[in-house]
Structures are given as C-alpha cells and as structure tokens.
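Worksheet: one structure, shown below.
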Amino acid sequence: MTTKKKQTKTTTTTTTPTTPTTRKKKKKESSSSSSFLRRHIILPISDVFVAIRSMNVRQLTLQLLSLTLIVTSALMIWKSLCLYTHSESPVVVVLSGSMEPAFKRGDILFLSLKKIKEEDIEDEERKTRVGEIIVFSIDGREIPIVHRVIKSHFHPFVSPPSSSSSSSSSSSSLPTTIKTTKKESGENEKDQGRGGNTSGEDGLSSTRSDGSGSGEGDDDDNNNNSNNSNNNNNSSEEETSSSSSSSSSESSLFKHEMLTKGDNNYMDDIGLYAPGQKWLNEKHVMGRTVGYLPHVGKATILMNDHPMIKYALIFILGLLVISGKEG
Amino acid sequence: MGHTIWIRANSLFTFASTALALVAILASITDIWHTAEPDVFLRVKSVERFRPVSPNAHRKKASSNNNEVNDEASLNFQLRLDLRPLFSWNTKQIFVSIDADYETERNKRNTISLWDSIVTQKTNALLNYQNVRNKYRFIDQGTHLRGREVNYTVRWEVMPVAGKLYGGKKLVERVKMPDEYVN
C-alpha cells in the first residue's frame, strides 16, 4: 500500500511541470517561521487534493463507495442499538447539571425502554417506575431532560371489545381520552356552559368518579382561559381518531402519570413541563438510564456549541477517506 | 508519507481511547459480582397530618389534578440503614429513598417517593435517623387514602464510576392509614 502511494507521488511530480514544486520548496526554506504551517497543514491538504485529482473515475467511485460503507455501517449499528433497547435514542449526552453529583455535563448515558421482569410488577405495560432516572422530552422544548421519577400513578384500562360501531364509540373512546385529556377535563367542563362540545366530552365528565368539586380559584380561571382553545382542539381530535385506534395503539391501554425531579434541584419539575401540563406520560419518555460513562460526551458538547467544528471534522474525514490516505 | 505529526497524533489518540475504554469495561466487570444486602430498618412513627387539600393550597401549579380535592399525608419515620457493604471502588454515589405504594380504585398502582438522600462516601454510609419527615408531598389523586394499606419500601440505587447502574430495595412495612383525617 505504501509503495503504491510512493509510485503515484513520483508519477505526479514527473508529469506536472517541475517549476511550481521547486518554487514551493524555495519558499519553504526561505521563511522558517511559517514552514511548520506549510509542512504540516498545507502540504498534506494539497497532497489530498492532488491524490483525488490523480484518480480516474473508477478509483474515485471505489473510494466513494468505501465512504458510503463506513457511513451506512455506523448507521446500522446505531439502528440495531435502537431496536435492542426499544428506544429511539439509546445513547445520550448529559447537557445540564441538574443531576449532580451523579451526572455531570459531558457524561454519556445508555438508555433503554425494555421492560424489566420483576416479581412484584404484575402490570407489564409500565415502562418506567419511581426512582428510575429517565430522559424525557417536553413539547416545546427541544432539549430532552434527564431527571428522576418521584411520583407515579398507574391504572390499566380494560378496553371493551371494539366493534367499530358508532354506538360503542363513546365508551371505547374513554380509555384514550382519559389518558391525555384528563388534565384538560377540568377546563372542558367550563366550556360546557358555552356549548360547542362533542358528545364524547359529556360522557367523559359524567363518569368521573370524584366529582369535579368547586375548588376553582382565580389562578385556575386564568389558566383555563388561556388554554381553552387549545384543549378543545386537542380533545376533539382525540375523540375522532380514538374509535379507529382504540384497539391498535398500545398507549391507549393504560394511564401512567408521573412527576419528575432533578436530584440537584430543590423543586420538582412541574415548572418545566408545558403550560397546563401537570403530569408526564410514557409517550414523553425517551428511555430510562441503564448505564453510564463519564466524560466521553465532552466532545459532543463541544461540537454542539460550535457546529463549525462538526462540519469541519466531517469534511476533513470525508476528504481523507476519498483520497485513500487513511493514515 | 508515514511520520507526520498528524499520523502520530492520530495513532496515539486511537490507542489511548481504545485502551481507556477496554480498561474501563474490564474494571466495571470486576464489580459485577459485588452484590450486598444492606441492613434496613424502617418504622412509620406517626401520621402527623392527614387532610384533604385543594390544588391551590400550596402553589399555583400544584402537583395534583385540576379543581379536585386530594388527600395529603405527612408522615414521620425512623430509619436505620447500613449502606457500607455496597460501597466499592466503582461506587460514585448511592441514592437512597423511601417510597410509599398503594392501590386505589382509581389507580391500580400509585408509587410516591417520600424522601431521598444521596450518600457519596462510605464514611457517611451508616444512616441512623430518628425523625425523617417526608421531603415530597404525599398527595393522592383523589381522596382514597383513608384506611388504605400502604407499603413502605426502602430503595437504594448504586451509581458507578463507570458501567451499569444497579440497585435493590426492601419492602419494609405495610401500614394502614388512619380511618379519619388527622389535624
């Protein structure tokens, strides 16, 4: 391999006119202060470009194929890790310091959503339990959060056999609507006086076993007024799609509401959730932590803060692979 | 082409990171068989306060459902826990918590963490607290706590310097909540 490289080098130097290279050498000798720069940075880069130009189409295609092979095998490893752990992002980097002293910025966490077989867990649908450190995302926040679950309220539903007739749609819509609109049902009841409800909402509010109570303070009024239009849209969408999806989507078979808190924080996470959101659901959870490696993620944080470094690195690596000079 | 500074730096970096990763994995493997059963004693001393609360009682965004009155209890525990056998060179910290779990008609399983603590050194690993009051509010979704049997579990989770997180727990007590509100 090295001999081949030397041969190509000699052929290029003989075919191209010698004057430019000798001129370069003279320049190198003349200014010693910048000779380090030229020798170690400019010359290798120009070597790379010369090597690329010297290849014919076939060689270039071969090199491009090897680059594609590297990229696709990395992607395959990543995807199989996603499948094994049942999680969309099996490896994450800790970005905040809210879980110190356990996790610091720059640590790597391995996540999983696989169910753990445990003797006392008879409700197999749950994927996270109190005490686990989970990574979750909040609507409206782009960065996921790593915190610990401190409260969990779980209830499985037994959905009646779905006969897809409209008469049973109101009862089969209960499981799905209760899970996601439970927090909004208090606000929906206020809307009944104003009309404009679908039939499912009436069914929902009348079957709530613990009466709605009359504890409506001024604060709730303000919240309700600002959230009403959103909640109405959400609940009506849920109900129209629920009769078709009540038996298919597994997320409709149970309700699991959780509250999280960072170890290093004094308050729990209610302030971090989306406005009006009081609980975390399993759909927000990206995974629970099963393994941990310190400091390895610092490079990722660096590349995140300065994206130019990321692009430059990929560009340089791509060039090196294509030119065949892999060091 | 062989010996520029970049090639040397590249080989050095690759070798160093591979060696580091291998050593870390091997080292964490040596800790796999280190499981220990710590000595646990927990007793619910008293239920100091047990009353229904409305969501706006505490903060604007209280951690309970809207417009709904929920039971809240404040408890006092006595806790003795010896975590020293769990410590090894690969232990960064141990997270201890007291969890309460119970079942209601509304929620098949409720688990609430009442208190937690982080132990980072073996010298601090012998816990002996006479009065532990719950750090986090024990609030039900609804008013189902009266006369309810609640399981109290002490849970510990070991966070390693590198490797797999593991832990254990012990169901210590099953105590019935008072039938009537207290205070």
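Heavy atoms only: backbone and side chains are in, while hydrogens, waters and symmetry mates are out. The sequence lines fix the lettering, A, B, ..., with proteins before strands; numbering per chain opens at 1.
- A distance-only check finds a donor-acceptor pair linking the side chain of A:His155 to the backbone of B:Lys108 [under 3.5 Å].
- Here the OH atom belonging to B:Tyr136 is positioned 10.0 Å from the CG atom belonging to A:Leu259, to the nearest 0.5 angstrom.
- Rounded to the nearest 0.5 angstrom, A:Ile150 CD1 and B:Leu114 CG are separated by 9.5 Å.
- In this structure, the portion of A:Val290 lying under 4.5 Å from any heavy atom of chain B is its backbone and not its side chain.
- Between A:Val130 and B:Arg155 the shortest heavy-atom distance is O-CZ, 3.7 Å.
- Within 6.0 Å of the CD atom in B:Glu180, the count of heavy atoms belonging to other residues, nucleotides or ligands does not exceed 12.
- Atom-to-atom distance recorded for B:Ser117:OG and A:Asp263:CG is 10.5 Å, nearest 0.5 angstrom.
- Between atom NE2 of residue A:His153 and atom CD1 of residue B:Ile112 there is a gap of 4.5 Å, rounded to the nearest 0.5 Å.
- Around atom CZ of B:Arg146, more than 12 heavy atoms belonging to other residues, nucleotides or ligands sit under 6.0 Å away.
- Contact of the A:Tyr292 side chain with the B:Leu165 side chain is registered, since non-hydrogen atoms from C-beta on lie closer than 4.5 Å.
- Taking the side chain as every heavy atom from C-beta outward, B:Glu157 and A:Glu132 never approach each other to under 4.5 Å.
- Going from atom CZ of A:Arg148 over to atom OG of B:Ser97 covers 7.5 Å, rounded to the nearest 0.5 Å.
- Checked by atom type, the side-chain pair A:Lys151/B:Asn110 shows no donor-acceptor distance below 3.5 Å.
- With a 4.5 Å cut-off on side-chain heavy atoms, A:Phe154 and B:Glu103 do not count as touching.
- Only the side chain of B:Thr120 comes within less than 4.5 Å of a heavy atom in chain A; its backbone stays farther off.
- Contact annotation for B:Ile118: only side-chain heavy atoms (C-beta onward) come within less than 4.5 Å of a heavy atom of chain A.
- Residues A:Pro101 and B:Gln93 approach most closely at CG-OE1, 3.2 Å, considering heavy atoms.
- Once rounded to the nearest 0.5 Å, the distance linking NZ of B:Lys135 with OH of A:Tyr266 reads 9.0 Å.
- Nearest heavy-atom pair, A:Ala102 versus B:Met159, reported as atom, atom and distance to 0.1 Å: CB-SD, 3.1 Å.
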